[in-house]
Student: 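Pasting in a structure now, in structure tokens, and then I'll have a few things to ask.
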Amino acid sequence: MTDEKLTKQTHDPLLAFFPAMMLSMTFYCLVAISALFVVLWPWGKDSAHFIRQHQGPSLSFPLFTAVAILYSYIQLRCGRGELLQRSHYFSPTVIQEQEQIFFRHGLLMLLLHTAFFLLPFLPLLIVAATVSGLSQQVLIQAIGLLYTSALLFRIGGLLLYRLWGAASTLGYFVGRTFFGMFFFMLPIYLPYLSPLRVLHALHKNTHYIDEKMPLQTAYWLCLGMMCAMTIITRFAGNFAHARIKQKDAEE
Amino acid sequence: MESFLGFNERFQPGNWAPLTLTLENRGRDIEGSLEVIVTSGSEYLQNIYQSTYSADVELPYNSKRLYAFSIKLNSFTHDVQIRLRQGGELLLSRSIALRSAVTEKPFVLVADEKASPDFLSDFPPQIFPVNVRPKFLPEHSYAYESVRMMILNIGILRKLRENQFQALLGWITQGGYLVMTGGMNVGAFSGARARQLFPAQILGHREFIELQSLKDFCGQSFRSASPFLLLQIHSQDAKVLLQEREFPLLALREMGKGRILFSAFHDRVPAFRRWAGKLKFREALLALHDPAKNSGRLTLPSQKILDAMFANSPAVIPNPKNLVLLLGLYLLLLRWFFRRLQNHRARQRGNAIACLTLILVCVSLSYLLFRANDKNALSYNAFLHLHGSASSQQADANYTAGLYTVQKTDYTLFFDSASYPIVYLPATRSEGAPPQAYRVHQTAGGQEVHGSSGNWRSQFFRFSGVVEFPLSAEARLHETSLELLIRNDSDRMIQHCRVYIQQNLFTLGNLQAGEERRYNIPLAEIREKEFFNPREFTQKENVPEHHEKVSAQENQMMRYGREALQRLLARQNAEPYMLAMQKKLLPNVLNAVHTRYQARPDLLCLVGWLPESQIEMNIPQKNAPGESLTLVTWEISLH
């Protein structure tokens, strides 16, 4: 398997890890999340106000939802190669090209790369969880959901890139459609598999989703579904790549 | 299992009642827990909750043991459940129906195994007389709450368990009324318990055929066809109320706030059963002491205390201004590092490490804040009101504890070795929030309250009792001044002391631990400087309709009073919780003091504060942060 982003380049070894557009986009998303944090902060209210209402500040769930959506979107775009700057006048010199087994080489870097771009949001998320009175277990579970959904869209974007390339309009719309369905239609039609519904239940500290499915069962179902989709997408990408190579060879 | 609820299977709703359970084990050894579950509240108001009283049970093979509980029964709607558990296994489950056991009348207990069944007849109709076997008497003084009077044969004292005797002592000291009869039993007075209750010297027996002095006492004399013997005693601690030819028939001993009446004339005199004056005699006995009227407590409005504690709960939200500044700094630094990552290709590795370090430092700091707040997930505050008088160093204590949870938490409260009548207080302003279940577990070392509280919840518990507080005071009226001497023998400073004298309030400052202070207040100041007006301190919605019609002179006094109080509060340098609670509660405290003492020019009231509680409450898990406050109101007689 070859991939531009995984090609060794002697002059800029971290270029693929820190593309400029991705850094900018991450930063602007962080600014947006910070603005949301400041707007949603319980200004002028003390703990007694929330204890009287038996409900904590509405800070953590909106923030986690916003991070889930923005972060996953960034990973989708990164997976499709949209955030890698390409110059029409300069092409990187390929010194060495070597087929790598994805699980041995690329996977670790992919996981670290995805995790790195979650890190800047963590201080805000942790402070929001502190103010909202979430427990450590809920915080870890929520962060796990964010990471897994972002990884799903990263791999999904990679599949779309392999199938149709970075500049494909079809790939663009397929990606966005899947994104919209996953985040905005799944909570309505399949709430037990929707990370947003599970996030909501975690923040509300309810024991059931829709009074039917136990929360922990829904959580692991959702997480398992996303991991399964990620693995399936990864193998689909492999299959697509093999078919493309075969087609090129026939031609 | 055998159960015995209340007094002869009767109880008064809204009060504590004893419950005695006898367990007999004919099988394998049992080590478990005995639980008594009382359900309170109303389905209509959706405030049903369960209070569980439990104790550890150890029943070897072929053994029989008695367990005594004191439970608060607020209504008769729900049965009392009794369960015996071993580990997770339920060994025994019973329920006690309450509908047929309820009575609204206060009890007169007759603890005399040889009392005839018709002894219970001819009691006043507003009283419910019951004959109680000694082994079913309560083991906690507060279980006597619904008892108006107890008639006890002195021989019964030896048969009481130690806890029962201490409970009886505690009840009498806190205002109970015991009528002791001796019968012909001379030896019973020599016991230690009898000497503790009613130290007396036995002078022998005397024969009577009639008792004319009873006519003065209850309007009817007593005459018997055959002679009868009465026991003659002499007690230096007791005052003779009624005597027949220098033979004391009734002798009264004050014990704390309660009274013990020795009656030489008793129901075992043969002609007593047929005596027409029985009812009047008993009415006269009852009239000698009424625990409810003589309680002498200064009560503060309960809801005001809860509101003040709620408003000053320790749970806090972090300061947003500092957070916003740190957030701005974080964004600036991150922007700078991202730009270096984009522009400085040659040192990208170093920039990446620096950026990662910045992010990890910020994540660590936020996690530290998270962990710090996690420890504050459970916090508490407490308020203790001690009301005593200068004549005794024992004070009535009213303790309120508030628990505040930000996360779902299990909690355990430990109190000191005393047993307290702990009740759960649903905060009335928390609409839509059902009260949470809790369990009071009795151990050898004291009481533990176990419970679970959800996210953003509050729970309040209250109990009352008697506490020793070494504060003494004297007030003497001289020709031109009032001399006030106050001695604080406690180990704590009493802060912001004020004294209420004849509708005036004077500031006394702080009383150091172990300090004695003398004050001379000119009588002219007491008579002229009438700036205290309680109407100023009522809530706006409680202001009476005629408030606006007061005279211009009274308006000026009210304004002066308000300004004076504000100046007094402004000069205080107390800790935040104490200051905040004082500001909230002081108007209500002064209102209560004024209401109680405005018509009593012979009584003064000292008001002071301590930044701690005399009653220790521990929450061992999570080192929960909490604050306590004690309000001391002390009644001083003016000589």
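Numbered from 1 within each chain, the chains take letters A, B, ... in sequence-line order.
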Student: So which part of B:Leu327 gets closer than 4.5 Å to some heavy atom of chain A, the side chain, the backbone, both or neither?
Tutor: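 It is the side chain, since no backbone atom gets that close.
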Student: I would like to know whether A:Ser34 and B:Leu331 meet side chain to side chain contact (heavy atoms under 4.5 Å, CB included); could you show each step before the answer?
Tutor: CA-CA 9 Å; A:Ser34 303; B:Leu331 290 175; 3.6 Å; yes
Student: If you take all heavy atoms of B:Gln407 and A:Gly133, which pair is closest and at what distance?
Tutor: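 Closest heavy-atom pair between B:Gln407 and A:Gly133: CG-O, 2.9 Å.
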Student: List the atom of A:Ala48, the atom of B:Ala311, and the distance in Å for their closest heavy-atom pair.
Tutor: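 Where A:Ala48 meets B:Ala311 most closely, the heavy atoms are CB-CA, 4.4 Å.
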Student: Taking only residues two or more places apart in sequence, or in another chain, which ones meet A:Phe50 in a ring-ring contact (aromatic ring centres under 6.0 Å, His included)?
Tutor: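 Scan of A:Phe50 (ring-ring contact (aromatic ring centres under 6.0 Å, His included), adjacent residues dropped) gives B:Trp456.
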Student: Under a 4.5 Å cut-off applied to non-hydrogen side-chain atoms, are B:Leu334 and A:Pro120 in contact?
Tutor: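 Touching, per the 4.5 Å side-chain cut-off.
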Student: Just verifying a value: how many Å separate B:Lys321 NZ and A:Trp41 CH2, rounded to the nearest 0.5 Å?
Tutor: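 Reported to 0.5 Å precision, the distance equals 12.5 Å.
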Student: If you round to the nearest 0.5 Å, how far is OG of B:Ser458 from CZ of A:Arg52?
Tutor: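 Atom-to-atom, A:Arg52:CZ and B:Ser458:OG are 8.5 Å apart.
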Student: Test side chain to side chain contact (heavy atoms under 4.5 Å, CB included) on B:Thr405 and A:Ile51 and set out the steps.
Tutor: CA-CA 8 Å; B:Thr405 52; A:Ile51 290 174; over 6 Å; no
Student: Considering only heavy atoms and a distance below 4.5 Å, find which of A:Val38, A:Val31, A:Leu134 pairs most often with chain B.
Tutor: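 Highest number of heavy-atom pairs under 4.5 Å: A:Leu134.
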Student: Is it the side chain or the backbone of A:Lys204 that comes within 4.5 Å of chain B heavy atoms, both, or neither?
Tutor: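 Nothing of A:Lys204, per the 4.5 Å heavy-atom cut-off to chain B.
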Student: Check whether A:Gln53 gets within reach of chain B through its side chain, its backbone, both or neither, counting any heavy atom under 4.5 Å.
Tutor: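 Neither part, no heavy atoms under 4.5 Å.
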Student: Please say whether more than 12 non-hydrogen atoms of neighbouring residues, nucleotides or ligands are located less than 6.0 Å from CZ in A:Phe179.
Tutor: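 Above 12, so yes.
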Student: Quick one: what part of B:Val324 sits under 4.5 Å from any heavy atom of chain A, side chain, backbone, both or neither?
Tutor: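 For B:Val324, side-chain heavy atoms alone lie under 4.5 Å from chain A.
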Student: Might you work through the side chain to side chain contact (heavy atoms under 4.5 Å, CB included) test for B:Leu369 and A:Ile126, ending with a clear yes or no?
Tutor: CA-CA 9 Å; B:Leu369 176 68; A:Ile126 293 173; over 6 Å; no
Student: Any chance you could lay out the side chain to side chain contact (heavy atoms under 4.5 Å, CB included) test for B:Tyr330 and A:Leu30, step after step, and finish with the verdict?
Tutor: CA-CA 11 Å; B:Tyr330 172 65; A:Leu30 188 59; 4.0 Å; yes
Student: Count the heavy-atom pairs under 4.5 Å between each of A:Asp46, A:Val138, A:Thr130, A:Leu125 and chain B, then report the option with the highest count.
Tutor: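 It is A:Thr130.
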Student: Does B:Tyr404 use its side chain to pair, donor to acceptor, with the backbone of A:Ser47 at less than 3.5 Å?
Tutor: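 Not confirmed, B:Tyr404 side chain does not pair with A:Ser47 backbone.
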Student: Can you tell which part of B:Leu323 gets under 4.5 Å to a heavy atom of chain A, answering side chain, backbone, both or neither?
Tutor: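 Answer is side chain: those atoms of B:Leu323 sit under 4.5 Å from chain A.
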Student: So what's closer than 4.5 Å to chain B heavy atoms on A:Ser24: side chain, backbone, both or neither?
Tutor: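 Looking at A:Ser24, backbone and side chain both touch chain B.
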Student: Do the non-hydrogen side-chain atoms of A:Leu122 and B:Ile359 ever get within less than 4.5 Å of each other?
Tutor: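 With C-beta onward as the side chain, the pair stays apart.
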Student: By a 4.5 Å heavy-atom criterion (distance strictly below it), what part of A:Val131 contacts chain B: side chain, backbone, both, or neither?
Tutor: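 Answer is both: backbone and side chain atoms of A:Val131 are under 4.5 Å from chain B.
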Student: Could you tell me which portion of A:Leu124 (side chain, backbone, both or neither) has an atom closer than 4.5 angstrom to a non-hydrogen atom of chain B?
Tutor: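 Side chain only.
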